[in-house]
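See below for the structure under consideration.
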Amino acid sequence: MIVLFNCTCAVPTTMDSFHPVPVKVNPDLQKERDAALFNPVELTYLKDGGKDKTERRRRCELLAINDPDLQHKDISFMARNERYSNAVRKAVIIARKIKEHRLTNMEEKQLYISAATQYDTYGFGLHYGMFLPALSAQCDEEQRNYWLPLAENLKILGTYAQTELGHGTFIRGLETTAIYDPKTEEFVLHTPTLSALKWWPGNMGKTATHAVVLAQLYTNGKSYGLHPFIVQLRSLENHQPLPGITLGDIGPKLGFHSFDNGFLGFDHVRIPRRNMLMKYSQVSPDGFYIKPIHAKLTYSTMVEARVTLVSDIAYSLSQAVTIAVRYSAVRRQTEQIKGVKEPQILDYRTQQLKLFPYLAAAYAFTFTSFVITGRYIEVQNEMNDGNMESLSELHALSAGLKAFTSYVGNEGIEVCRLSCGGHGYSQASGFPELYTLTAPISTFEGENTVMLLQTARYLMKCATTAKRGLELPRFVLYLSQRQKGQCPARNESDLLDHGLLSDAFEHRARRLVIEAAQKMQSNIGKGNPQHVAWNNCHMYLLKAASAHCHFYVVQTFVKYINDTEMSDAVRDILTSLCQFYALHGIWQNAGDFLQDGYMNGNQLDMVQSLVGKLLDKIRINAVALVDAFDFRDEILCSKLGKYDGNVYEAMYEWAKNSPLNKTEVHDSYNKYLRPLMQSSKAKL
Ligand SMILES: CC/C=C\C/C=C\C/C=C\C/C=C\C/C=C\C/C=C\CC/C=C/C(=O)SCCNC(=O)CCNC(=O)[C@H](O)C(C)(C)COP(=O)(O)OP(=O)(O)OC[C@H]1O[C@@H](n2cnc3c(N)ncnc32)[C@H](O)[C@@H]1OP(=O)(O)O
Ligand SMILES: Cc1cc2nc3c(=O)[nH]c(=O)nc-3n(C[C@H](O)[C@H](O)[C@H](O)COP(=O)(O)OP(=O)(O)OC[C@H]3O[C@@H](n4cnc5c(N)ncnc54)[C@H](O)[C@@H]3O)c2cc1C
């Protein structure tokens, strides 16, 4: 390697550091680490749930990273076909290795998969991410006993086929039909129109042998709405599509290049009656329909996926800020005083204002993901006991948080990319892959606007319940409390109080929810039908749902700090980060806090001044805060975000591997350039 950058510092060799020693660390990055006011590893333990969990995670990651069978050239240099093939190859190896390493616990499997796939998609993502969860949630016991062992042992490979070419959001409008034929005790699956082709399901184009297909159930001449069916798509002998089934890949997308999102059509395909997943609703051999205990139980796979996506977005945003903060500590730009070294770009206030809100959000979303995952497990247990009471709450919470966090997460990743200037645009930065992997989270598993409107729908009902003085679930209890008048902050120190900040977001959410409910009422009062009133009020509803989610995140951050044991140093930095998250949120949404006079101009001035002051507190700890996420270089896959900060050498090495550099003179010179240049009459 040509050394273009001379480094002098060695990585600290504490017991807790897992980074390879002795690499030379960029001195600017080392200086940042030396100046930090807390030990990042303490925060790592906190985030992972304890030192033993951190160690277990690192062991799992190393198992994958050090495995020669899982190595390959950089995916940036692969064409799509090669990427797909590589993803499938790795998925097969991963499955074998998980058994060999006896990784039985789900968390360990996920850690291993994530380290093994690095920043590419997992070749069996839909199989494990949606097919298996759908089977687990929707099969009755006999079906579970039959299908789960086949799926778990990869004897069959599955996908989740719901969306159609003409219908994604409005799933009640899906066109694929499953008509019961009592004579043969079979369902006949059919795609009646072009727009009814299943379109988008991941791993369906080329990989899956089976699918959980969502189709409109008809029996005895009556329609009973959407139900899940397990359907074999390809032969288990030679992988050819079965008779009556049309399958293919939908072509290249913005990202997800290794993924075979597919299309699927049925031409009167017959499946046995017991291929309808019958945990909640059943069709008897003679065609009698038994309805589920809750109408929306068919949608439960999506709820689970939305909960998971909150963790995924927190993870991706953490990666983006890690890359951008480390690079900003290493990158120097624009001489300020003649002859004095250019400053680190991290010292520019504008750079801090770009990055620190997302650094704070990455922590806020991580803690939020813990809470929503916990709530999901609680509700799941209640539902297993036949109690469906909290399903609507969970739907509203997961839909809203999936949308709120993915909006911010996608925006944050793009801002982080921009904050790295030109190099952020290179695939070497890791941003293009990170961005395109996370961008569709705003769309899949429920388009974000639609999801926020679902949350709003629930909040409108709660507002009515509150008005009637009836009981509300814990997470919306605030709607039944009276507004607290004006913000009591008299000085900046008052504004740093977590309770006061949480109250401000609570006030804003309650006001916007009540306002949206009033707008709806007055719209309906004017004689508009419900759906027209709803459409007329979209802007209020969206704002109300978003403010509710924002409050939920602030409140969760505050509660996490209050309820969790940690050292004073870590508490101090998390407190600053939480204050910054909340104050920056107020500053960015100042209109909402001023609109009803809850805050005044003077208080807003103080908010702005505090945002500036907190930048300094975060600045000194910024590198340590991203180090605490504890991403190995092999997982971060970014030449800009390397732990040792030796960015320029890494970029140069990486560029040398570009396929265009295989020969000094490219073929196109002889084919095109030379004839052009030599045909010219002009002589040198
Ligand atoms: C060895 C290895 C072992 C282990 C490995 C472990 C892990 C594997 C590792 C990695 C894999 C991880 C991830 C996967 C990999 C990659 C991911 C890649 C791609 C992602 C895949 C993407 C998939 C999809 O996108 S699937 C399709 C998703 N589609 C949607 O989300 C559609 C959105 N639309 C809807 O949800 C609905 O139609 C609607 C918009 C909600 C409206 O529905 P509907 O019209 O029916 O309802 P109404 O509006 O009339 O409301 C009626 C009523 O129902 C309530 N409601 C609605 N939905 C729900 C619900 N879900 N639950 C509960 N209640 C619901 C609604 O609020 C109304 O209530 P009220 O009447 O009371 O008001
Ligand atoms: C990478 C990727 C992977 C996917 N994987 C799968 C998969 O494995 N299986 C699967 O079944 N599907 C999958 N999907 C499909 C995905 O779930 C849908 O695209 C998603 O649910 C959004 O639906 P849509 O495309 O119909 O969007 P649309 O609903 O057409 O959205 C377009 C616009 O219309 C607006 N809009 C729609 N309805 C309303 C409304 N009621 N009120 C206000 N505005 C509205 C939206 O806000 C948006 O702005 C995948 C999609 C992608 C991009």
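Keep in mind that the numbers below use all heavy atoms, side chains included, and drop hydrogens, waters and symmetry copies. Numbering of ligands and ligand atoms starts at 1, following listing order.
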Decide whether an N or O pair under 3.5 Å exists between Gln454 and ligand 1. yes

Regarding ligand 1, does Arg457 bring an N or O atom to under 3.5 Å of one of the ligand's N or O atoms? yes

Atom 14 (C) of ligand 1 sits nearest the protein heavy atom Gly125 O, 3.3 Å

So which heavy atom in the protein is nearest atom 29 (N) of ligand 1, and how far is it from that ligand atom? Gln162 NE2, 3.2 Å

May I ask you to test the Leu63-Lys97 pair for a side-chain heavy-atom distance under 4.5 Å? no

Which pairs would a plain distance check flag for residues 512-520, meaning a side-chain donor or acceptor within less than 3.5 Å of a matching protein atom at least two apart in sequence or in another chain?
residue, atom, partner, partner atom, Å
Glu515, OE1, Arg511, NH1, 3.1

For ligand 1, is any non-hydrogen atom under 4.0 Å from Trp200's backbone (N, CA, C, O), its side chain (CB onward), both, or neither? neither

Which residue from Tyr299, Tyr160, Tyr122 reaches closest to atom 43 (O) of ligand 1 through any of its heavy atoms? Tyr299

Report the C-alpha separation of Arg58 and Glu55 in whole Å, then their side-chain angles, then the decisive distance to 0.1 Å, and conclude whether the salt bridge (Lys or Arg N to Asp or Glu O under 4.0 Å) test is met. CA-CA 5 Å; Arg58 289 174 178 173; Glu55 284 169 354; over 6 Å; no

Which one of His227, Lys222, Gln282 satisfies the side chain to side chain donor-acceptor pair (under 3.5 Å) criterion with Tyr289? His227

Closest non-hydrogen protein atom to atom 55 (C) of ligand 1, residue and atom name please, with distance? Lys296 CG, 3.9 Å

I'd like a table of donor-acceptor pairs (distance under 3.5 Å, sequence neighbours excluded) in which one partner is a side-chain atom from residues 108-117, with atom names and distances.
residue, atom, partner, partner atom, Å
Thr117, OG1, Ile113, O, 2.8
Thr117, OG1, Ser114, O, 3.4

Output the list of atoms in ligand 1 that are nearer than 4.0 Å to some heavy atom of Gly446, sorted by atom number. 30 (C), 31 (O), 33 (C)

Does any non-hydrogen side-chain atom of Gln138 lie less than 4.5 Å from one of Gln143? no

List ligand 1 atoms under 4.0 Å from Ile113, heavy atoms only on the residue side. 2 (C), 5 (C)

Which residue owns the protein heavy atom closest to atom 8 (C) of ligand 1, what's the atom, and how far is it? Tyr128 CB, 3.3 Å

Do Phe131 and Leu126 touch side chain to side chain, with heavy atoms closer than 4.5 Å? no

Between Gln110 and ligand 1, does any nitrogen or oxygen pair lie at a separation below 3.5 Å? no

Within the 4.5 Å heavy-atom criterion, are Leu394 and Tyr376 side-chain neighbours or not? yes

Find the distance between CG (Leu226) and OG1 (Thr176) and round it off to the nearest 0.5 Å. 9.0 Å

What about the rings of Phe370 and Phe365, do their centers lie closer together than 6.0 Å? no

Please write down residue, atom name and distance for the protein heavy atom closest to atom 17 (C) of ligand 1. Leu126 CD2, 4.3 Å

Less than 4.5 Å apart, any side-chain heavy atom of Ser480 and any of Glu471? no

Heavy-atom contacts with Met106 under 4.0 Å: which atoms of ligand 1 show up? List them by number with element. 4 (C), 6 (C)

Considering only heavy atoms, does Glu445 approach ligand 1 within less than 4.0 Å through its side chain, its backbone, both, or neither? both

Identify, by atom number and element, the atoms of ligand 1 in contact range of Arg172, meaning under 4.0 Å from any of its heavy atoms. 44 (P), 45 (O), 46 (O), 50 (O)

Part of Arg306 within contact of ligand 1 (heavy atoms, under 4.0 Å): side chain

Show the atoms of ligand 1 that are less than 4.0 angstrom away from any heavy atom in Phe256. 18 (C)

Near Val450, which atoms of ligand 1 are under 4.0 Å from a heavy atom of that residue? 40 (C)

Would you say ligand 1 has an N or O under 3.5 Å from any N or O of His294? no

Value rounded to 0.5 Å, distance of OG1 in Thr455 from CG in Leu397: 8.0 Å

Is Glu152 near ligand 1, meaning one of its heavy atoms is under 4.0 Å from it? no

So is Pro440 close enough to ligand 1, meaning a heavy atom under 4.0 angstrom away? no

Test salt bridge (Lys or Arg N to Asp or Glu O under 4.0 Å) applied to Arg375 and Glu393, step by step: CA-CA 10 Å; Arg375 186 68 190 127; Glu393 169 200 327; 2.9 Å; yes

Do Ser398 and Leu401 have side chains that approach each other closer than 4.5 Å (heavy atoms only, starting at C-beta)? no

Nearest 0.5 Å please: distance from the CZ atom of Arg96 over to the CD1 atom of Ile98. 12.0 Å

Interfacing atoms of ligand 1 (cut-off 4.0 Å, heavy-atom, Ile171): 35 (C), 37 (C), 38 (O)

Would you check ligand 2 and list the protein residues that come within less than 4.0 Å of it by any heavy atom, ordered by chain and number? Leu126, Tyr160, Gln162, Thr163, Gly168, Thr169, Trp200, Pro201, Gly202, Asn261, Pro440, Thr443, Phe444, Glu445, Gly446, Glu447, Thr449, Val450, Leu453, His538

Above 12 or not: heavy atoms from other molecules or residues under 6.0 Å from NZ of Lys253? yes

Ligand 1 N/O within reach of Lys109 N/O, cut-off under 3.5 Å: no

Taking only distance into account, with no hydrogens and no angle test, what donor-acceptor pairs under 3.5 Å do side-chain atoms of residues 146-153 form with protein atoms, sequence neighbours excluded?
residue, atom, partner, partner atom, Å
Asn153, ND2, Pro149, O, 2.9

Taking it one step at a time, do Asp249 and Arg80 satisfy salt bridge (Lys or Arg N to Asp or Glu O under 4.0 Å)? CA-CA 12 Å; Asp249 171 73; Arg80 176 147 186 254; 2.8 Å; yes

Under a heavy-atom criterion of less than 4.0 Å, does Tyr458 contact ligand 1? no

Taking N or O atoms only and a 3.5 Å limit, does Thr169 qualify as a polar contact for ligand 1? yes

For ligand 1, which atoms sit closer than 4.0 Å to a heavy atom of Met302? 28 (C), 29 (N), 30 (C), 31 (O), 32 (C)

Looking only at protein heavy atoms, which one is nearest to atom 63 (C) of ligand 1, and what is the separation? His395 CB, 3.5 Å

Report the part of Lys461 in contact with ligand 1, treating N, CA, C, O as backbone and CB onward as side chain, heavy atoms under 4.0 Å; options are side chain, backbone, both, neither. side chain

Just to check, does Thr121 reach to within less than 4.0 Å of ligand 1 when the distance is taken from its heavy atoms? no

Within the 4.5 Å heavy-atom criterion, are Tyr160 and Met204 side-chain neighbours or not? no

